[in-house]
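Note sheet for the following structure.
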Amino acid sequence: MNPFWATCLILSSLLEGTRGRVLYPLPSKEHKHKQPLQTSRPYNIAHRGSNGEIPEETTDAYKRAIEEGADFIETDILATKDGELICFHDVTLDDTTDIANHTEFSDRKRTYQVQGFNVTGFFVVDFTLDELKSLRVRQRYPFRDQQYNGKFSIITFEEYIAIALDANRVVGIYPEIKNPVFINQHVKWPNGERFEDKFIELLQKYGYGGAYMSAKWLKKPVFIQSFAPTSLIYISNKMDSPKILLIDDFSMATQDTNQSYWEITSDSYFEYIREYVVGIGPWKDTIVPPLNNYLTAPSDLVYRAHAHNLQVHPYTYRNENSFLHFDFRQDPYEEYEYWIKTIGVDGLFTDFTGSLHRYQKCASGILR
Amino acid sequence: MSPLWATSMIFFSLLLGSHGRPLYPLPSKQQHKEKKALQTSRPYNIAHRGSNGEIPEETAAAYMRAIEEGADFIESDILATKDGQLICFHDVTLDATTDIAKHAKFANRKRTYEVEGSNMTGYFVVDFTLAELKSLGVKQRFSFRDQQYNGKFSIITFEEFIAIALDANRIVGIYPEIKDPVFINQRVKWANGKKFEDKFVETLQKYGYGGAYMSTEWLKQPVFIQSFAPTSLVYISNLTDSPKIFLIDDFDIRTQDTNQSFWEISSDSYLEYIANFVIGIGPWKDTIVPTKNNYLTTPTDLVDRAHAHNLQVHTYTFRNENSYLHFDFHQDPYAEYDYWINTIGVDGLFTDFTGSVHQYQEWAQASATNEASALGLLHKLALMISSFEGEE
């Protein structure tokens, strides 16, 4: 990071009036060489940060994940009323913020259709970034640590990128183009730009680019994920960064093309989509369907994906016993072992970065 | 094991009408080379009521699963039936872990008794004969654990429990508890003025258990005898030199026999006294490191003081479910083992999940070995070199 680049960045951010935190290299960070991304074992993807411990998609959750050894920090990108890109999972604020305590917003409750269903709540797209920043985030699950509730804010896509680039080793990002159909219906940008355009622009602004495993990519690893295939195809013209097609449960059709699970996991579809994506991200209970909380026979989904040279990154791995099938005797490490050694996945979205990292360190067996 | 011995054994069991399974050596087990020894180099993996995270507690299947999964010791609670038989069962009542409610013919046996100072209502073990208890089906105590074995297994006897341990193809220790002795001795009477503790020790000695801790005799058939009642342990110390563990309950519970408080029995002077009779203590882990808002607070000095008195510490109970894990551990049972083994330094862990403790200990041992070995060094070098690979 040379001074000339830094000056340009500062100048351009002043000119464009962006809200991003200026990325000038701090003296302490004049790094020699950052420890590179590991690429020899399945990726440890910190799903919404280390949200098993800290409220999801906050700075602290991401920093904790990096501390704990994440290969990638993952996020969901949505847009605000004024077109800013933020890290937030739900289209509504009800479950993970203290919106209910803000009387000044109590008249903003709405009912909209989201992916075919009517949803009622306080929608992200009805608030400006400033208004959202006045809210405080809380832990989604009551059985997880509540002590940070009300302490942290929602962060922007740029702040999230800064966290990754700030780390003292190479940490990849894994942002999702979330609910693009809904966002493009509710949020408009000037010059006819769409949600997907703004998403790409931000990544390129911070130097992300390059095909999977290229030298450029290895310096700033990124996977772009989405449930909407047309969004991924659309951006593939503009950016060669590796993309992952997320696949929902058996009963859910794609939000943009209304295709069923069976269609988008067929061999012919894989053959088509592999021109645009490097892998798929299925829900793990569709790969190995459970019955009475026991695993049944695995489907051939992973096998077929691999045959089409598509990686498989299933979601989501959680330590709590309510999420663990009985085969694993309430032991999250048994679950990792099964998915990594028996099924052979290429990445794992986990709420518990530290546990997966510990498993990979211990069980991989040094030099075994 | 000669044929003469076998014949005498069968003959005597016919004569005495004992309920024990006669231990004649099976052909497959005869030509045993050396059984793999008990590991003594790291904290003991004590299968608390067997592998009851997966299979209903204190059943043959739970114990066999625990042995499969690598338990050092299989643990049990010994109670007595109406007809004076010793069984493996934890509660004095049958309600929580059996299908007693389905047995209409026993419906009139419900009672209310005082147990350790509190009134309890239910179907009491001491009001049923062994044959009657054998007709019941055991079920998984916790609703969030696997229910698929409910009703499939029976209650087993102390002798059957011992047989499971001795039958294993490696040396597996037993860890039986003299459970609720005050209550049992009130309700069950044996011939010749014998007490519960006498019958308990007799059963152990019948199967050859004996010898001081770490003696050759002990290492062949390892055993720890545990109890919450100090006088029971003191009493049997005259009868057997097997190592004993003094269990300690929560802060507000007093000993059932001597009515002493937690603070009394964990004091230095008491530890000094009890160290004459036991080789260790078994405290509840939340008394060693008290918790607040589901976070650990500062550890007490209990483990240090116990160790200073040359007393081992075997703490209970380790469970994988997140509702039992304090937030410090991030819902990760292995992080909990790590803390208790490496930070607190306990000598044994009572766990409902034998397999997980075993896996943790094996991995920890492997990586420790690797770090020390030449291969480990090579690996470290490789890591150092690869960290420069990003160089332009």
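A quick note: this is a predicted structure, and the numbers were derived from the prediction, not measured. Below, read A as the first sequence line, B as the second, and so on, with proteins coming before strands; counting in each chain starts at 1.
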For this session: Would you give the length of the straight line joining atom OG of B:Ser356 to atom CD of A:Glu334, rounded to the nearest 0.5 angstrom?
Result: 6.5 Å

Exercise. What distance separates B:Gln147 CD from A:Asn292 CG, expressed to the nearest 0.5 Å?
Worked result: 11.5 Å

Problem set entry | Neighbour count >12 (heavy atoms, 6.0 Å) for atom NZ, A:Lys151 | yes

Seminar exercise, completed: Looking only at A:Arg318, A:Glu320, A:Gln330, most heavy-atom pairs under 4.5 Å shared with chain B are made by A:Gln330

For this session: Search all heavy atoms of A:Gln147 against all heavy atoms of B:Tyr295 and return the closest pair with its distance.
Result: NE2-OH, 2.6 Å

Exercise. Side chain, backbone, both or neither: which part of A:Glu53 has a non-hydrogen atom closer than 4.5 Å to chain B?
Worked result: side chain

Exercise. In Å and rounded to the nearest 0.5 Å, what is the NE2 to OG distance from B:His330 to A:Ser50?
Worked result: 7.0 Å

For this session: With a 4.5 angstrom heavy-atom cut-off, could you sort out which part of B:Arg319 is near chain A: side chain, backbone, both or neither?
Result: neither

Seminar exercise, completed: Heavy-atom nearest pair, B:Asn320 first then A:Arg329, reads ND2-O, 3.4 Å

For this session: Quick one: sort the B:Trp363 and A:Tyr333 rings into parallel, tilted or perpendicular, breaks at 30° and 60°.
Result: tilted

Problem set entry | Contact check, side chains of A:Arg358 and B:Asp332, non-hydrogen atoms, under 4.5 Å | yes

Seminar exercise, completed: Among A:Leu37, A:Asn319, A:Asp145, the residue with the most heavy-atom pairs under 4.5 Å to chain B is A:Asp145

Exercise. Atom CG in A:Asp331, atom CD in B:Gln359: separation rounded to 0.5 Å?
Worked result: 6.0 Å

For this session: Sort B:Phe353 into side chain, backbone, both or neither according to what part of it lies under 4.5 angstrom from a heavy atom of chain A.
Result: side chain

For this session: Select one option (side chain, backbone, both, neither) describing which atoms of B:Phe144 are under 4.5 Å from chain A's heavy atoms.
Result: both

Exercise. Quick one: what part of A:Glu68 sits under 4.5 Å from any heavy atom of chain B, side chain, backbone, both or neither?
Worked result: side chain

Seminar exercise, completed: Between the SG atom in A:Cys362 and the OH atom in B:Tyr360, the distance rounded to the nearest 0.5 Å is 8.0 Å

Exercise. Does some side-chain heavy atom of A:Arg144 sit less than 4.5 Å from a side-chain heavy atom of B:Gln331?
Worked result: yes

Exercise. Quick one: what part of B:Ala364 sits under 4.5 Å from any heavy atom of chain A, side chain, backbone, both or neither?
Worked result: neither

Exercise. Is B:Asp146 reaching over with its side chain to a backbone N or O of A:Phe326, donor-acceptor style, under 3.5 angstrom?
Worked result: no

Exercise. Is chain A contacted by the side chain of B:Asn294, its backbone, both, or neither, given a heavy-atom distance below 4.5 Å?
Worked result: neither

Seminar exercise, completed: Rounding to 0.5 Å, atoms CG (A:Asn321) and CG (B:Asn322) come to a distance of 5.0 Å

